[in-house]
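What follows is a set of notes on a single structure, which appears directly below.
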Amino acid sequence: MPELPEVESIRRQLEPLLMGRYVTEADSHPSGKFTPAREIVGLGFEAVFRRGKYLLFHLDNETEMVVHLGMTGQLLPCDNLSDPYLRAWWRLDNDRILGYRDVRRFGRIRICLPGQYEGTLGSLGPEPLSDDFTVDQFYASLKASNRKVKTQLLSQRPVAGVGNIYADEACFRAGIYPGVRKLTKAKTAALHESIRYVLTMAVANGGTTLRDYVNAEGKKGNNQFYLECYGRAGEPCVKCGEILRRVMIDGRGTTFCKSCQKR
DNA sequence: ACTACGTCCTGCGAGC
DNA sequence: TGCTCGCAGGACGTAG
């Protein structure tokens, strides 16, 4: 489940591999979620950016390719075109191949005019690690909705790039029950700080690998060894010793401490 | 306009 | 041992 830290790790590794290269050949799985990958043959890479969990490949000819990794997506050099989970690939002019692997096909690849985004990417909240992410704006955004706080975080609207792992981690660190619908300004400030903290640490640790995530070098991250809440239901809380519980919030598994995160 | 929930996908682990 | 079944979850579609 690549979230901001995992996608950022991939971006940093892909950029030097792609800069100054152009695509000589490409193919994809027949699903419309991946066929746009074929449209960039002949185009050159100019830069690789990230917004939230989206990778943005800037190409020449006024073209941008947007890749979302979904749950199990991987972008990395490919040495086996018969990999059954390879959903798209691009051959570069140095004869190396960039592969998009995605066991569960939750990811998607799109082509658009530069910056002309639709859907979630078009209405994405601010980058959590930039100065655009302020407590005041975060507070106003959360206040404007009556959904549960965790659900709002997963919507990508109050802030970009937070998924299930870091939503649970941030709520735990901030002492906020993820199912609450309204936050005080002070709690909002704590959540704001916690989001920045858990994401910064996860980037520094190279992302979290629970099962599928590998970076563009095919290597696992290390942040799974530093998670304090996600995936630890049944274990004692690192703050108070209470046994962490697991519930469903709007259909998503959620781990929390009943003692530290009161409603 | 909003919120809630079903859907897509496949592999894996629990339970019988 | 071998099978079924539920779960994992990001974004989107649909219903109310």
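Numbered from 1 within each chain, the chains take letters A, B, ... in sequence-line order. No experiment lies behind these values; they were computed from the predicted model shown.
Counting non-hydrogen atoms under 4.0 angstrom, A:G253 reaches the backbone sugars and phosphates but no base. Across all strands, A:Y230 comes closer than 4.0 Å only to sugar-phosphate atoms, never to a base (heavy-atom distances). Within 4.0 Å (heavy atoms only), A:R252 reaches at least one base atom of the nucleic acid.
Residues A:S123 and A:R157 bring a donor and an acceptor atom of their side chains to less than 3.5 Å of each other. The closest side-chain donor-acceptor pair between A:T72 and A:D212, if any, does not fall under 3.5 angstrom. In summary, the side chains of A:S82 and A:N80 do present a donor paired with an acceptor at a separation below 3.5 Å, with no hydrogens or angles considered. For the residue pair A:Y166 / A:T208, a side-chain donor-acceptor distance below 3.5 Å is found, with atom types taken as modelled.
Checking A:K33 against A:R181, the closest nucleotide of DNA chain B that is more toward the 5' end is the one next to A:R181.
When the P atom of C:dA11 is taken as reference, atom CZ of A:R105 falls 19 Å away, rounded to whole Å. The separation between A:F34 atom CZ and B:dC8 atom C1' is 11 Å, rounded to whole Å. Following rounding to the nearest Å, A:M71 (CE) and C:dA11 (C1') show an atom-to-atom distance of 12 Å. Here C:dG9 presents its P atom at 15 Å from CD of A:Q156, a figure rounded to the nearest Å. Nucleotide C:dA11 holds its P atom 13 Å from the CG atom of A:D102, rounded to whole Å. For the pair A:D250 CG and B:dT7 C1', the computed distance is 16 Å after rounding to whole Å. One can place OH of A:Y54 at 6 Å from C1' of C:dA11, the figure rounded to the nearest angstrom. Atom pair A:R101:CZ and B:dC9:C1' shows a separation of 14 Å (rounding to whole Å applied).
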Practice item. Would you check, one step at a time, whether the test salt bridge (charged side-chain N to carboxylate O under 4.0 Å, His left out) holds for A:E127 with A:R51? Key: CA-CA 7 Å; A:E127 278 299 309; A:R51 267 289 276 143; 3.0 Å; yes

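The side chain of A:R211 approaches B:dG13 more closely than any other nucleotide in the set B:dA4, B:dG13, C:dG9. The side chain of A:V103 lies closest to B:dT10, out of C:dG10, B:dA4, B:dT10.
No salt bridge links A:R196 with A:E193; every basic N to acidic carboxylate O contact stays at or beyond 4.0 Å. The pair A:R21-A:D93 counts as a salt bridge, with a side-chain nitrogen and a carboxylate oxygen less than 4.0 angstrom apart.
Residues of residues 138-155 of chain A that place a heavy atom closer than 4.0 Å to DNA chain B, in numerical order, are A:S145, A:N146, A:R147. Within residues 108-126 of chain A, no residue has any heavy atom closer than 4.0 Å to DNA chain B.
On a pure distance criterion of 3.5 Å, a polar donor-acceptor pair joins the side chain of A:R104 and the base of B:dC9.
When the side-chain nitrogen and oxygen atoms of A:H68 are compared with OP1 and OP2 of C:dG10, none of them lie within a distance under 4.0 Å.
The distance from the OH atom of A:Y226 to the CE atom of A:M201 is 8.0 Å, given to the nearest 0.5 Å.
Cation-pi geometry between A:R104 and A:F106 is satisfied (NZ or CZ under 6.0 Å from the ring centre, within 45° of the ring normal). For the pair A:K239 and A:F172, the cation-pi test (distance below 6.0 Å, angle within 45°) is passed.
Between A:F106 and C:dA11, no base-stacking contact is recorded for ring centres under 5.5 Å apart and planes less than 30° from parallel.
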